[in-house]
Amino acid sequence: MVTWRFHSLLTCCLLGTFWHSKEVSSKQCIWYGECGSSPLEGKRLNCAYSGPPIPLPAEGHDLLQQLCPSFYYGNNTVCCDVQQLNTLNNNLQLPLQFLSRCPSCFYNLMTLFCELTCSPYQSDFLNVTATEPYTGPDPLKANESITAMEYYIGERFTNAMYNACKDVEAPSSNVKALGLLCGKDVKDCNATNWIQYMFSKDNGQVPFTITPIFSDNPVTSMFPMNNATKGCDESVEEDGSPCSCQDCTLVCGAAPQPPPSPVPWLILGMDAMAVIMWIVYIVFLMLFSAIIIGSWCYRKKNIVSEYAPIDSNLAYSVNATSIAGEPSYFDRIGERLENCLRIAFTKWGSFCVRNPWIVILCSLILIAICCSGLKYMTITTDPVELWSDPHSQARQEKDYFDKHFGPFFRTEQLIITAPLSKGEIYSPYPSGSDIYFGPPLTFDILVQVLKLQDAIENLTAYYQNESVTLKDICLAPLAPYNNNCTIFSVLNYFQNSLSVLNHSISDEFFVMADYHTHFLYCVQSPASLNDTSALHDPCLGTFGGPIFPWLVLGGYDGEHYSNATALVITLPVNNFYNDTVKLNKAKAWEQEFITFMKNYNNPNLSISFSTERSIEDELNRESNSDVKIVVISYVLMFIYISMALGEINDCNSILVDSKIALGIAGILIVLSSVACSLGIFSYAGISLTLIVIEVIPFLVLAVGVDNIYIIVQRYQRDERLHEETLDQQIGRILGDVAPSIFLSSFSETVAFFLGALSSMPAVRTFSLFAGMAVFLDFLLQITCFVSLFGLDIRRQEKNRLDILCCFPGCKRNSETDKPMSLLFQFFKKFYAPLLMKDWLRPIVVSVFVGILSFSIAVVNKVEIGLDQSLSMPDDSYVLKYFDSLTEYLHTGPPVYFVVEEGHNYTTREGQAMVCGGAGCNNNSLVQQIYTAAEMSNYTRIGYAPSSWIDDYFDWVKPQSTCCRIYNTTEQFCNASVVDPFCIRCREFTPEGKRKPLGDEFMRFLPMFLSDNPNPKCGKGGHAAYSSAVDLINNNTNVGATYFMTYHTILKNSTDFIDAMKKAQSIAKNITNDLDITDKSYKVFPYSIFYVFYEQYLTIVNDTVFNLCLSLAAIFFVAVILLGFEFWAAFLMCITISMILVNMFGVMWLWSISLNAVSLVNLVMSCGISVEFCSHVTRAFSVSTRGNRVQRAEDALAHMGSSVFSGITLTKFVGIGVLRLSKSQIFNIFYFRMYLSMVILGAAHGLIFLPVLLSYIGPQVNKAKVQAALQRSRGTEQERLLNH
């Protein structure tokens, strides 16, 4: 692409006349023919001529009709010859290519220059003010050349021409064309200074200065040229079309306005949710207090002691529930199920203790078989695979894009500031306001950055003994014609050359032009091949494409690019998804680049950088560094578990009564269950993720250790019955506690497996592995651990040392009473009775309901997303890069609007649906994206799209010299080729001037896509669009295509999510407006970050779905395994729900966002909450005590200590170490969430749930009580039950 400045537009169009001191007559010329040379290279002056118009030779008639049809009449007498017409035609090519998309704009512009060049009435509005002698070989030529003149132009014409052109877009560069023709910012351009700039010799393109004089009235006997004009909303030809909406706001109507921002939901000026929950909480307190006071009054009325417990059933009876009478149907069903489970687990426990080695051997064989699958284990580290569902919309669209256009390139980027530089003031020559150049744009800093850039280009890496340089892997869009790498850098305005950067034009007094001048020109005309200063240096990058200032500069204000505070260098590298060797070469070079940048030291430059592999590398480094932290955490938990399981009678027996070996065995069983889960799914070909490796051991350890504590501590509190053997005792104990363990484990297993229905890969994978690990842990605990436990009891009874079991311990007193655990005594004698006090229970309920109300009020305020900086270690170099992105960059990532294969571009209707020029629909694809860009703050679309089809139409016009073919071979002939056999592709006929259709459209499209831009044709599509159009069927049809633009700057997850939602909405509207009858294809947006952020569009629904599904599974399993205790299962699920809601409250307080990582933790929190709640709930349901308060106290006393020591204390030991991690994601999503779930789980399971059960727990199951009394009759258990 090249600039659409007029460059040499006026070189030979500016023609001369005799100087007259008196008025010239009508139909009088002032010049004719060319003679004399301008001081500017390649530019010719015109011959002064005072006389009547001269008939144009026949060979110029076609050209006159093409350029100036208003003069093509009668005998064609004009004031120009064929040579002048040819010069005019050649120099109008670039304006034609860029302005002819708006026919009325170009018509008015052509009128301006046709009247200047050939009008037979030149003397009416042109006044020659200076000439110079000329002597040439042709005696018929005049002897004077014109060197200065005045052009009288009507103000009406001037304003009309400006209004018709001011909105015209340049599709390939997303900017207004007028801003590049005016010599200044488009916002500062107006009708007069536009024409003044075009006619000023200071722009380097005009052979002499023409002074425009604007007036609608005659001035000193001169009559201003005030021809009729066409408005941009008018068609030039009868069957033509006006300019498009994109190029003419008059066609569009009123500017689009974004919808108003949603009004925040307020009540009395305060957040509505907070007010509502506050009111609900107050109402609850009032009702609850009324019930408490009423029950107290009822108790006093019935002359009951004020110290009697309140039994919170509906009748507020203070009497114990009677167990006499006939049990209900569900009571009997529940008792039978309970009895079946008790008998089955009793027999199984006895078998395991009697045959320990068989059970252990079978367990080891099972473990070995499952773990052997680990040899097939693969770990997924690809972020796309981790966070994007293969069947999701964004993933399928990414795959579609990669298939048809190639994968998105790899990006290496540097952001450079100059902390020691103060910037400088530049004073333009010969006049103009001073301009401030920011610190990194001083000459010395640019030279240092250029040296750094050159050093990076020359880096050499090695892969498999082969050298790899940037040229081997970089994106080179014009290859093989131009193999220069694409480098988006401000230094590419100077072609990455020190000599060009140092180029200046000066004399002994002034510097007329230097790098400042060139920079100011290039940021306005990035595609120029020849700036209009005295330098005449190109702006186009060495790779053949433009360098847009918003991509290479940062920290500037508005469009004042010169005050930038940062330079941005971007190196796009080819992505080789299907070629592992080439991909590894690219990674090897990136590693060399990272090493170089880490070792680079320049005190004048502050550099932040990143490569495509940086984030993945830092994540791997973070994971490796956190291994130590995780290992220390687990080791401390192992030590605590091993020590806490022991039961010490006295100091002499400490080495006998300790259970270090059993604790280690229990931990190995937990880890074995995790390993077996990994092995089983590795057999199935399911890859692991880092979340699975880091989280599941923590989860299974919580579940497994709790079960171990329940079994061991239940034995430690039990008395062996008369004539009862060890295997019978352990079988009986297992029959009592295993149903509770089975309830929690099976509930968690079902909940986790149902969680695998999630569409989020991270959640699905975690749920599968966690469900299997919990289930296997349960199986190994009721088999292998029970057998090992029986062996350990026998060792202890034989007075042998722990671990060193072959050695006897010290002599012990066999009559010593079995001690009670201090923690158990604390729960039984102090904590449980205290919690059940009448004055404390209402306080507990009020506090927990208050916390719940607060959490509900803020649950909708939890942020969604994952700040990418949180995934990096504290000492990562990428963090500095992320900070620089936020602080300096002005443009977001590119976004491609893809039209899937199926659209017909060869019909007029199909073209009008997508293009943006004249004759295109006002709701076309290009126009809708352009309209969205007009509301960038709302839509987050920053610029109008680059449109290959609009540039193709400009390229193929017969007036243009772009599309040419050899008349002998019909092969493409580039515009830069000088060959008489090259002819234009299409004839200059009414039909030829229309957009090509059918086969003609397809005939020239491949030529357009292979044409490199050059000074004579800036519309060549090779650099800009070679990958934008997927030609199919041997180049006979158009498949998928894309139209590229950019998002606005996106700084956080909310911005990224909103940008994706708005782009998808725009694409959906475009698809609907395409009116596709069979809906066989659609338009969709694609940007590299969509696959990562799509999950957040549905994460709220996914969270609700996963948690509700888990709760439903827990409720269903609990109902069955609690013996159809519906109410008990419901209360347990209510408590778990409160824990989950409170987790959201903690997430809001602790700034933890909702994302895949936190959702996994919430699902895990649901599982751990079952451990905290299920054992207490079941203990309450099977208790045979008299009333609810007593049953709650009994359940808390017997199960509370095991839950507290098995989960709470164990996790506190491990969680504390996680705080030491350097990983921010560990500190936030693991330390904070794990700590929260343990504290909330313990608080609800050991404080709130017992109190809730004491108020509204289910009544005692009469069938279970009667069966328990029947079983214990005549035994020591009867005394314990009656007690």
Side-chain angles (χ1 to χ4, degrees), residues 174-175 179 185-188 411-426 433-453 456 487-494 501 515-516 518-524 526 539 541 546-571 597 600 602-610 614 867-869 877-894 936-937 940 942-943 1046-1052 1055-1056 1059:
N174 305 314
V175 294
D185 291 344
V186 67
K187 60 182 176 59
D188 298 324
T411 303
E412 337 297 349
Q413 192 169 69
L414 302 90
I415 301 176
I416 304 171
T417 59
L420 303 182
S421 175
K422 302 298 184 182
E424 61 188 18
I425 301 297
Y426 168 67
S433 302
D434 288 347
I435 301 173
Y436 174 71
F437 271 65
L441 291 175
T442 61
F443 183 80
D444 290 341
I445 295 298
L446 288 176
V447 169
Q448 295 176 55
V449 174
L450 178 58
K451 291 179 180 178
L452 169 63
Q453 183 176 302
I456 293 173
I487 300 179
F488 292 109
S489 166
V490 71
L491 293 163
N492 226 337
Y493 286 144
F494 310 93
L501 179 63
Y515 84 93
H516 297 94
H518 188 64
F519 172 86
L520 293 172
Y521 178 86
C522 289
V523 295
Q524 296 301 322
C539 296
I547 307 296
F548 298 120
W550 57 82
L551 295 179
V552 298
L553 298 169
Y556 52 84
D557 300 324
E559 294 185 359
H560 299 101
Y561 301 115
S562 63
N563 64 15
T565 56
L567 305 181
V568 183
I569 299 177
T570 306
L571 309 171
M597 291 307 305
Y600 181 80
N602 185 334
N604 297 319
L605 304 179
S606 175
I607 305 174
S608 57
F609 67 95
S610 176
S614 291
D867 186 348
Q868 55 187 354
S869 63
Y877 66 91
V878 181
L879 288 178
K880 181 181 178 182
Y881 171 74
F882 287 153
D883 292 339
S884 297
L885 280 180
T886 303
E887 183 175 359
Y888 297 114
L889 260 64
H890 284 250
T891 302
S936 58
N937 289 337
R940 300 190 185 275
Y943 306 94
Y1046 288 88
H1047 281 299
T1048 55
I1049 186 66
L1050 309 175
K1051 296 184 177 182
N1052 51 46
D1055 292 345
F1056 280 99

With rounding to the nearest 0.5 angstrom, report the CD1 to CG distance, Ile416 to Leu567.
6.0 Å
For the atom pair CD (Glu887) and NZ (Lys1051), what is the distance rounded to the nearest 0.5 Å?
9.0 Å
What do the steps show when you test Val449 against Leu414 for side-chain contact (heavy atoms from CB on, under 4.5 Å), and what is the final call?
CA-CA 11 Å; Val449 174; Leu414 302 90; over 6 Å; no
With sequence neighbours left out, what residues match [X] under side chain to side chain contact (heavy atoms under 4.5 Å, CB included)?
X      : result
His890 : Tyr556
Ser610 : Ser614, Tyr881
Lys451 : Val447

I'd like to check the ring pair (Phe, Tyr, Trp, His ring centres under 6.0 Å) partners of Phe443; sequence neighbours left out, ordered by chain and number.
Tyr515
Taking only residues two or more places apart in sequence, or in another chain, which ones meet Phe488 in a ring pair (Phe, Tyr, Trp, His ring centres under 6.0 Å)?
Phe543
Which residues pass the salt bridge (charged side-chain N to carboxylate O under 4.0 Å, His left out) test with Asp1055, not counting sequence neighbours?
Arg940
Close aromatic pair by centroid cut-off 6.0 Å: [X] and [Y]:
X      : Y      : value
Phe494 : His518 : yes
Trp550 : Tyr943 : yes
Phe519 : Phe437 : yes

Please tell me if the side chains of [X] and [Y] come closer than 4.5 Å, counting only heavy atoms from C-beta onward.
X       : Y      : value
Leu571  : Ile456 : yes
Leu551  : Thr570 : no
Asn492  : Val490 : no
Thr1048 : Thr891 : no

Is it the case that the side chain of Lys880 and the backbone of Phe609 share a donor-acceptor pair, with hydrogens and angles ignored and the cut-off at 3.5 Å?
no
